[in-house]
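Written out below as structure tokens is the structure these notes cover.
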Amino acid sequence: VSATPNQRRAPRIHLQSSEHDVRIEIVTIGNEVLSGRTLDTNFAFLARALEAASVPVGWHTTVGDGLDRIAEGLSRALERADAVVMTGGLGPTPDDMTRKAVATVLGRPLQLDEHVLAHVRERARSRRTGKLLPAIESQALVPRGAQMWPNPLGTAPGLLIVEKGKPVILLPGVPQEMEALATEHVVPYLRERTGLHVACFTLRTAGAYESLLHEKIASVPNGWPGASLAYLPSYFGVDLRVTVSGEDAAQVEAVAERAYEELRACVAPVIYAEGEHRIEEVVGEALAARGWRIAVAESCTGGLLAKRITDVGGSSAWFDAGFVTYANAVKVAELGVREADLAAHGAVSAPVAEQMAEGARRAAGAHVGVAITGVAGPAGGSEEKPVGTVFIAVVTPDVAAVRAFRFHGTRASIRERSAQMALDLARRAIQKLPLEAKLE
Ligand code: ATP
Ligand code: MG
């Protein structure tokens, strides 16, 4: 795959210098988090974003909603950390006590802030909640000296208080709001204070297990001073993220450049995208580049493949139809699958997958047909075809192929992996690449 210069160049992040490193404490607030009912995704998001920016996180604590708990959490954090990021409890309801607790600990009484009030009013108006409730305006009561980062998605803004040189940052608990503020303001702000230069890039792979990638990459990263390589596995494959940091901007840039070339060379056959690019976007672009259209037939993914393809804006330019066919009779009637093959090989088989792909392509008058048939479980497996057995077929004007997979995991993960590998097979066929993800 020849990447565009834009994709090829690693997204570089350059930082300003300052004298000292900061170590961060993240304090998440909420009884629902403390009880385990709500997973602490705010922590996970912040920690990952800060790690990617080479801002060291030293501690993570979670405290309940009580005034004392929050105050204690902040006091402890201020004793050991150089900066504190807190999430949750900024809302207008009585269980939202973060601003009050912070005011008490820092000895900065709550004051009405006109800027925050204007922001809160504007946000409330844009949500058309009608009359502004006094409770909502209480969000404009902030500890003295707080600066505000406007919240693009909600009423509670992010707040920054610099206490004796230590930043104390308050963010709303709602994950999307927290994430928007963190990405836009908090991470860049803290990064500037670390005094390091950072460059990072991500190569996204599908079709090779982490252990195989690791074997292939082996000791290559040893030659990249100041770099760390993270293997990030998910249903979608394994993302390889390299972060280079150091005090010398030119060296960081040079190491990142070399790491990029060397890592690509190691695993080129399984890379489907870079950065945040998703495989369904790659498939859409590949179809658009050829002027081709696609149709899909699904048996164990219930429409997930069609959903993924049509998640991409503008996909009606290349997506013709999706057939979700579970009953054999419908496979025969709608897709022209041969009854004899269903009887001889079963619905989960290579010949049926091929005929489904061809049938979808023919029925929709599309250039490309892709089909999935498999056993997602938990029931329905047999000795010959255990749960996780999936056949994926692709037909284009140039090639027709079917591949057999044996996925592990739950029903949900087998379905996700099936859709992902179907997209990868489609991408390979449309881009005229080898259909098998071979790392050797
Ligand atoms: P609100 O204005 O909605 O009251 P808030 O800033 O007071 O916002 P919370 O009340 O603490 O935030 O939480 C709002 C929502 O965000 C809840 O649904 C909660 O489950 C979720 N949430 C809070 N903290 C976390 C966290 N650490 N990780 C994931 N979700 C969280
Ligand atoms: Mg709340």
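All ligand and atom numbering here is 1-based and tracks the order in the structure.
- In Val33, the part holding a heavy atom less than 4.0 Å from any atom of ligand 1 is the side chain.
- Salt bridge status for Glu72 with Arg69: present, with a side-chain N to carboxylate O gap under 4.0 Å.
- Across every non-hydrogen atom of Leu229 and Leu240, the tightest pair is CD1-CB, 4.1 Å.
- Looking at Glu436 and Arg403, a side-chain N of the basic residue comes within less than 4.0 Å of a carboxylate O on the acidic one, giving a salt bridge.
- Annotation: Asp40 places an N or O atom under 3.5 Å from an N or O atom of ligand 1; distance criterion only.
- With no hydrogens or angles considered, no side-chain donor-acceptor pair links Gln431 and Arg290 at under 3.5 Å.
- Taking 4.0 Å as the cut-off between side-chain N and carboxylate O, Glu281 and Arg278 count as a salt-bridged pair.
- At least one N or O atom of Leu90, backbone or side chain, sits closer than 3.5 Å to an N or O atom of ligand 1.
- Near Asp96, meaning under 4.0 Å from any of its heavy atoms, are these atoms of ligand 1: 4 (O), 7 (O), 10 (O).
- Contacts of Asp95 with ligand 1, taken as heavy-atom pairs under 4.0 Å, are absent altogether.
- Between Glu25 and Arg80 a salt bridge is recorded (basic side-chain N to carboxylate O distance below 4.0 Å).
- Residue Pro172 has at least one heavy-atom neighbour below 4.0 Å for each of these atoms of ligand 1: 6 (O).
- Salt bridge Asp82/Arg23: absent, no basic N to carboxylate O contact under 4.0 Å.
- Salt bridge status for Arg37 with Glu32: absent, with no side-chain N to carboxylate O gap under 4.0 Å.
- Salt-bridge annotation for Glu276 and Arg204: absent, with no side-chain N of the basic residue lying under 4.0 Å from a carboxylate O of the acidic one.
- Look at Arg123 and Glu177 and you find no salt bridge, because none of the NZ, NE, NH1 or NH2 atoms lies under 4.0 Å from a carboxylate O.
- In Thr38, the part holding a heavy atom less than 4.0 Å from any atom of ligand 1 is the side chain.
- Ion pairing between Lys307 and Asp311 holds under the 4.0 Å rule for side-chain N and carboxylate O.
- Among the atoms of Gln139, none of the N or O lies under 3.5 angstrom from an N or O of ligand 1.
- Checked by distance only, ligand 1 and Gly88 stay at 3.5 Å or farther apart across all their nitrogen or oxygen atoms.
- Residue contacts with ligand 1, taken as heavy atom pairs separated by less than 4.0 Å, involve Asn42 via backbone and side-chain atoms alike.
- When only interatomic distances are considered, the shortest N/O to N/O separation between Thr28 and ligand 1 does not fall below 3.5 Å.
- Counting the atoms of ligand 1 from 1 in the order shown, those under 4.0 Å from a heavy atom of Leu39 are 28 (N), 29 (C).
- For ligand 1, the atoms lying closer than 4.0 Å to a non-hydrogen atom of Thr41 are 28 (N), 29 (C).
- The shortest N or O to N or O distance between Gly89 and ligand 1 is below 3.5 Å.
- Against a heavy-atom cut-off of under 4.0 Å, Pro92 is close to the following atoms of ligand 1: 2 (O).
- The closest approach between Ala44 and ligand 1 stays at or above 4.0 Å for every heavy atom of the residue.
- Residue Gly30 places no heavy atom under 4.0 Å from ligand 1.
- Polar contact check, Gly173 against ligand 1: a nitrogen or oxygen pair lies under 3.5 Å apart.
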